[in-house]
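Note that this is a predicted model, so its numbers are computed, not measured. Counting starts at 1 for both ligands and their atoms, following the listed order.
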Amino acid sequence: MGLTSLEIAPLIDDLVLVIDSQDQVLYASEMGQSLGLISATQVARPEITALIDRAREGHTVKNDLVELRRPLPARGIVALGISIAVLPDGSCFFVGRDLTAAQRLEQVRRDFVANISHELKTPVGALSVLMEAVVEAGDDVAAVSKFVNRMQTELVRLNNMVRDLIDLSRVQSDDPLASPTAVPMDRVVSEAVESVQFAAEGRGITIGTTGDQGAFVAGDEMQLVAALRNLLTNAISYSSDNTQVSVGVRIHENEVDITVADQGIGISRVNQERIFERFYRVDQARSRATGGTGLGLAIVKNVCMNHGGEVSVWSVVGEGSTFTLRFPLFKPAPPTPETDFEQVSSIRPTESKGRFSS
Ligand code: ADP
């Protein structure tokens with residue numbers, strides 16, 4: 001039998017090859033084709049033929065990891081866990097499981113854990129050094145007071161980090177659309193603005209609110225408030241004193257946009273592509289000085305994804321930034337005399353739940 005019997009079976013997601021004792025490919029699943037493993041009637045990739053030879057020599061080939069470059073024009077590497085069974089006549093049954101996504105996830109998890117350890121170690125390390133300094137300072141009241149002040153700063157940092165880690169883990173695991181409520185965006189805006197008002201006033205920054213009223217979004221009010229609060233906190237942190245921050249709401253046919261615009265330091269184009277990554281900061285020192293954790297925008301992005309929305313940024317260095325949250329608009333069916341609001345929609349207006357992190 002030659003390649004004429006080679007079938008493409010789209011139902012099989014894994015890589016499956018049947019190869020006879022003369023190295024002729026009798027069967028290849030779709031992945032074998034798309035990865036360019038087969039040329040004419042034979043396996044064309046040396047990494048794969050080497051494994052087949054090993055199996056034929058009597059070695060166990062079970063879940064062996066092989067990384068293959070995808071053929072052009074596709075890009076990237078595909079990771080396969082390969083197992084080969086050799087039949088008595090030398091023909092082979094070959095299975096490759098695509099482990100690319102699992103491997104990427106594992107890498108992200110490892111990086112995240114490494115980042116958290118580093119981020120937590122910094123304030124904890126500083127605290128233990130400061131503790132020793134306090135003990136050594138003994139009766140020197142001025143020195144003790146200086147060290148205690150610095151301990152307070154580190155504690156705030158630690159507290160912010162733990163708070164943001166909890167928020168991030170919640171928004172990553174919760175699915176607000178599984179049991180959504182109709183959240184009034186007017187209230188989301190006023191709650192978020194109110195929560196940062198004190199910090200803004202301390203810096204002489206005024207927060208103005210403009211735009212449309214009456215928008216509803218299906219989802220979780222605490223998450224939506226947290227997202228907007230994070231944007232406002234950043235707008236204040238990365239702006240000079242006595243500037244302005246404005247929150248705008250714009251209702252479109254099927255979506256609502258909430259923008260937060262500042263007159264702050266701005267973000268370069270290269271950095272705009274990275275700021276939504278966990279722990280990414282443009283200026284580490286400035287972020288630390290303002291109690292930043294590098295998690296605020298990652299939380300915002302997750303909240304948007306959870307609500308079927310998106311976040312985008314427009315910015316010019318030295319002029320300012322505008323972040324836009326876009327959510328699908330929730331439009332409740334108008335209640336009829338026979339049916340009240342609860343009956344026409346399983347989504348009900350929420351009661352205010354206060355802050356996200358309690
Ligand atoms: P952080 O806790 O450091 O503020 P975020 O995830 O909220 O972390 O933001 C990531 C980085 O993006 C910040 O460290 C800062 O460099 C940049 N950034 C975010 N918002 C703004 C803004 N409004 N103006 C300028 N830079 C910003």
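Of the options Ser315, Gly294, Ala298, Ser268, the smallest heavy-atom separation from atom 1 (P) of ligand 1 is shown by Gly294. Looking at Tyr238, Phe323, Phe276, Phe279, it is Tyr238 that brings a heavy atom closest to atom 13 (C) of ligand 1.
Annotation: Arg45, atom CZ; neighbour count of heavy atoms from other residues, nucleotides and ligands within 6.0 Å is above 12.
Below 3.5 Å of separation, one finds no N or O of Tyr280 facing any N or O of ligand 1. Considering backbone and side-chain atoms alike, Leu297 places an N or O below 3.5 Å from some N or O of ligand 1. Note: an N/O pair closer than 3.5 Å links Gly296 and ligand 1 by distance alone.
When only non-hydrogen protein atoms are considered, atom 16 (O) of ligand 1 lies nearest to Val282 N, 3.1 Å. In this structure, atom 23 (N) of ligand 1 lies nearest to the protein heavy atom Asp262 OD2, 2.8 Å. The protein atom (non-hydrogen) at minimum distance from atom 12 (O) of ligand 1 is Ile275 CG2, 3.2 Å. For atom 19 (C) of ligand 1, the closest non-hydrogen atom on the protein side is Asn234 ND2, 3.5 Å. Thr293 N, 2.7 Å is the protein heavy atom nearest to atom 2 (O) of ligand 1. Atom 3 (O) of ligand 1 has as its closest protein heavy atom Ser287 OG, 2.6 Å.
By the 4.0 Å heavy-atom criterion, Ser321 is counted among the residues contacting ligand 1.
Within ligand 1, the atoms closer than 4.0 Å to a non-hydrogen atom of Ile265 are 25 (C), numbered from 1 in the order shown. The ligand atoms of ligand 1 that sit less than 4.0 angstrom from a heavy atom of Ile267 are 21 (C), 25 (C), 26 (N), 27 (C).
For the residue pair Asn115/Glu119, the side-chain donor-acceptor check at 3.5 Å is not satisfied. Between the side chains of Ser237 and Asn234, no donor-acceptor pair is found at a separation under 3.5 Å.
With a 4.0 Å heavy-atom cut-off, ligand 1 is reached by no atom of Leu231. Of the heavy atoms in Leu295, only backbone atoms (N, CA, C, O) come closer than 4.0 Å to ligand 1.
With respect to the salt-bridge test (charged N to carboxylate O, under 4.0 angstrom), the residues Arg97 and Asp14 do not qualify. A salt bridge does not link Arg250 to Asp257: none of the charged side-chain nitrogens sits closer than 4.0 Å to a carboxylate oxygen. Between Arg56 and Asp23 a salt bridge is recorded (basic side-chain N to carboxylate O distance below 4.0 Å). A salt bridge links Glu106 and Arg109; the closest N-O separation between the charged side-chain nitrogens and carboxylate oxygens is under 4.0 Å.
A cation-pi arrangement is found for Arg278 relative to Phe112, the charged atom lying closer than 6.0 Å to the ring centre and inside a 45° cone about the ring normal.
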*After noting the C-alpha distance and the side-chain angles of Tyr238 and Asp283, does the key distance pass the side chain to side chain donor-acceptor pair (under 3.5 Å) rule?*
CA-CA 10 Å; Tyr238 301 105; Asp283 178 346; over 6 Å; no
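By the 4.5 Å heavy-atom criterion applied to side chains, Ile19 and Gln24 are not counted as neighbours.
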